Amino acid sequence: MSMMIRPEALTGYKTREFKMLIDGQWVAGQEGKVIDRLSPAHGVTVSRYQSATKPDAERAIAAARRAFDTGPWPRMAGAERSRILLKAADLIEGRKDELAMLDTIESGKPISQAKGEMDGAVDIWRYAAALTRDLHGESYNTLGDGTLGVVLREAIGVVSIITPWNFPFLIVSQKLPFALGAGCTAVVKPSEMTSGSTLVLGEILMEAGVPAGVVNIIVGTGPDAGAPMTTHHDVDMISFTGSTVVGKLTMSNAAQTLKKVSLELGGKNPQIVFPDADLDAFVDAAVFGAYFNAGECCNAGSRLIMHKSIAGDVVSRIAELSRNVKVGDPLNPETKVGAIISAQHLGKIENYVRGAADGGASVALGGEAADLGMGQFMTPTILTGVLPEMAVAREEVFGPVLSVLTFDSLDESISIANSIDYGLSASVWSSNMDNCLAVGRRVRAGTVWMNTFMDGASELPFGGYRQSGLGRELGRHAVEDYTETKTLNMHVGPRTAWWVPR
Ligand code: NAD
């Protein structure tokens with residue numbers, strides 16, 4: 001169900017001008033470049049950012065290095081850092097509507113969803129604050145009378161944090177509070193399309209009491225601003241979320257100076273459905289999984305692998321429900337599917353659909369862009385008769401496009417699920433726990449949902465197998481991920497053993 005965009009939807013909205021945050025100061029880029037961001041739904045310039053180039057990235061890294069090497073942040077008690085993170089969480093909560101509005105008008109995501117993402121982010125900041133107080137090492141008093149071993153957890157140093165456009169505020173919140181909790185300092189670069197909410201976060205962190213230079217935020221393109229953050233000698237770790245292609249490039253750049261790398265990359269997530277599943281629940285989850293965030297989601301449940309005996313009937317029910325999904329103005333609180341991030345990306349989605357149809361798949365629903373009078377939108381789309389070897393079954397479409405594949409046996413369903421390079425998440429639907437556990441144990445994915453889809457919690461680790469990434473975010477080890485381990489091996493008492501015989 002599509003709703004035309006009202007031309008006056010953003011009338012009167014004043015373009016917001018942002019500077020970059022370096023060493024506690026809001027500054028312009030040294031080369032005077034700016035980036036204008038148009039709302040993808042309304043075609044109006046909503047944000048203007050200063051665009052960083054290599055000298056700006058280098059200044060930001062130098063500030064983070066100084067703050068780490070000589071500043072108070074890494075030396076503070078965990079309880080004090082935790083207090084500041086909790087204050088930041090309260091301030092985020094207080095500015096939730098403003099942050100949600102920025103993410104909505106810059107990314108095209110529905111406003112009601114963006115507000116939910118802010119609630120999720122606040123919870124993550126509070127969770128990170130709690131973990132900060134618990135960060136500790138180990139001691140070994142079991143090595144004999146003459147030895148005491150103490151294992152320290154030390155902040156790893158300066159972290160480059162690079163984020164994508166699809167969940168701008170949520171993703172920086174999956175990284176930065178944990179890095180800060182460990183005592184690290186950071187240079188953050190959001191996507192050049194959706195930098196507004198991350199820059200507001202800079203204001204929040206300054207107000208919360210994060211010292212100058214601890215968090216530096218620059219805006220710019222990948223090659224101009226991001227690449228120097230992945231190669232610079234003074235950066236100790238990179239935490240990157242984005243495409244697998246840029247993730248590989250990041251890893252290869254990091255290799256020159258052997259930085260630690262944490263990568264959250266793409267996904268092509270299978271949903272395996274058995275005939276004994278609660279199909280009402282599944283049909284709703286299938287629609288949610290495919291069209292949430294317009295399918296521009298690493299976790300999108302874009303690959304249905306259904307038992308042959310139910311596929312025809314279930315697809316008809318999914319198609320029927322899909323027709324009721326509201327596509328339209330992201331500012332309308334009833335909208336479920338907003339705008340596509342850019343015209344170029346919409347073209348890519350349409351190409352995948354055309355390629356699948358040319359290869360023999362059938363378009364059971366949608367298949368085209370939606371003309372809502374302005375902006376760029378895609379209609380919810382279902383492709384049936386998709387074969388495991390087709391590009392649409394193996395690659396990230398990153399649009400509201402559901403591919404339907406079928407299986408005869410449990411082994412076949414798992415072999416189809418594992419036949420691609422990604423391994424971010426998966427789901428299994430069955431009332432038989434044996435089916436659920438067989439899939440849960442054998443599917444190569446970082447998260448497996450059972451009779452549910454895309455639920456998350458700050459306590460649960462998240463990340464991918466294979467080419468979906470490296471490392472995990474969230475969960476109780478999330479602060480530790482930003483540390484180095486140091487062993488203190490101590491001799492106790494008079495020396496009794498000699499290397500040179502006496
Ligand atoms: P992208 O890889 O194009 O860009 C991500 C970030 O990297 C942006 O800030 C970009 O400016 C920067 N970048 C680009 N080139 C760079 C370079 N040469 N050096 C350093 N930085 C560079 O990804 P995108 O299009 O913004 O986001 C969509 C992708 O992100 C999808 O593949 C999606 O699956 C993935 N993603 C993964 C997760 C996860 O948790 N696994 C979550 C959200 C998105």
Side-chain angles (χ1 to χ4, degrees), residues 21-25 60-95 121-141 148-161 172-188 201-217 234-237 239 260 262 458-459 461 471-490:
L21 178 62
I22 299 181
D23 210 6
Q25 304 294 318
I61 293 166
R65 188 76 254 168
R66 254 191 326 273
F68 186 79
D69 290 344
T70 58
W73 188 254
R75 287 151 200 94
M76 254 177 212
E80 181 64 4
R81 283 199 297 271
S82 174
R83 194 187 57 72
I84 292 172
L85 296 181
L86 287 172
K87 172 122 193 260
D90 290 345
L91 293 169
I92 293 167
E93 201 163 37
R95 293 177 75 172
V122 168
D123 186 67
I124 297 173
W125 280 81
R126 291 193 174 129
Y127 180 64
L131 291 180
T132 295
R133 296 194 68 163
D134 190 47
L135 180 63
H136 61 276
E138 298 158 5
S139 64
Y140 286 85
N141 195 26
L148 180 63
V150 175
V151 181
L152 304 181
R153 285 281 180 184
E154 291 184 345
I156 195 166
V158 174
V159 184
S160 284
I161 292 180
V172 72
S173 299
Q174 289 181 194
K175 302 175 183 296
L176 186 56
F178 301 99
L180 291 176
C184 293
T185 61
V187 178
V188 182
L201 177 62
E203 294 174 12
I204 288 172
L205 294 176
M206 301 280 283
E207 189 183 339
V210 173
V214 171
V215 175
N216 305 275
I217 304 172
D234 284 349
V235 170
D236 299 291
M237 174 174 172
S239 177
K260 180 173 177 179
S262 162
S458 304
E459 289 82 351
R472 297 289 178 270
E473 294 190 329
L474 302 176
R476 71 193 178 94
H477 298 297
V479 173
E480 280 175 23
D481 287 342
Y482 293 92
T483 64
E484 277 279 16
T485 301
K486 179 181 279 174
T487 297
L488 298 184
N489 188 329
M490 297 176 260

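Since this is a predicted model, take the numbers as computed values, not measurements.
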Ignoring hydrogens and geometry, is there a side-chain-to-backbone donor-acceptor pair from Y482 to M237 under 3.5 Å? no
Can you see which heavy atom on G78 is nearest to which on R133, and at what distance? O-CG, 4.3 Å
Shortest non-hydrogen contact from T483 to R153? OG1-NH1, 3.0 Å
For S173 and W125, test the side chains for any donor-to-acceptor distance below 3.5 angstrom and give the result as yes or no. yes
From CA spacing to verdict: side chain to side chain contact (heavy atoms under 4.5 Å, CB included), T485, L152: CA-CA 6 Å; T485 301; L152 304 181; over 6 Å; no
Minimum heavy-atom separation for L131 to G475, with atom names? CD1-O, 3.6 Å
Pick from L135, D481, L474: which one makes a side-chain contact (heavy atoms from CB on, under 4.5 Å) with F178? L474
Please check if the side chain of N216 supplies one atom and the backbone of A186 the other of a donor-acceptor pair under 3.5 Å. yes
If I compare all heavy atoms of A130 with all of S82, which pair ends up nearest, and what's the gap? N-OG, 4.5 Å
Using modelled atom types only, decide if a donor and an acceptor are shared between the side chain of R126 and the backbone of V122 within a distance under 3.5 Å. no
Residue pair F68 / V214, side-chain heavy-atom distance below 4.5 Å: no
Heavy atoms, side chains only, cut-off 4.5 Å: are N489 and V150 in contact? no
Residues V188, L176; criterion side chain to side chain contact (heavy atoms under 4.5 Å, CB included); working and verdict: CA-CA 8 Å; V188 182; L176 186 56; 4.3 Å; yes
Would you be so kind as to tabulate the donor-acceptor pairs closer than 3.5 Å made by side chains of residues 203-212, with sequence neighbours excluded?
{"from": "E203", "atom 1": "OE1", "to": "R95", "atom 2": "NH1", "distance (Å)": "3.2"}
{"from": "E203", "atom 1": "OE1", "to": "R95", "atom 2": "NH2", "distance (Å)": "2.7"}

For R75 versus A67, what's the shortest heavy-atom pair and its separation? NH1-O, 4.4 Å
Report yes or no: does D234 contribute a side-chain atom to a donor-acceptor pair with the main-chain N or O of R65 at less than 3.5 Å? no
Would you say that T132 contacts L85 through its side chain, given a criterion of any heavy-atom pair below 4.5 Å between the two side chains? yes
Checking side chain to side chain contact (heavy atoms under 4.5 Å, CB included) for the pair Q25/L21: CA distance, chi angles, key distance, verdict? CA-CA 6 Å; Q25 304 294 318; L21 178 62; 5.9 Å; no
Run the salt-bridge test on D23 and R66 with the 4.0 Å N-O cut-off and return the result as yes or no. yes
Counting only heavy atoms not in E154 (residues, nucleotides, ligands), do more than 12 fall under 6.0 Å from its CD? yes
Would you check if R81 and L180 make a side-chain contact, meaning some heavy-atom pair closer than 4.5 Å? no
Taking every heavy atom of S239 against every heavy atom of K175, the minimum-distance pair comes out as OG-NZ, 3.0 Å
Could you check if a side-chain atom of S139 sits within less than 4.5 angstrom of a side-chain atom of V151, using non-hydrogen atoms only? no
Got a second to check how far S262's OG is from Q174's CD, nearest 0.5 Å? 10.5 Å
Euclidean distance, Y140 OH relative to L148 CG, rounded to 0.5 Å: 12.0 Å
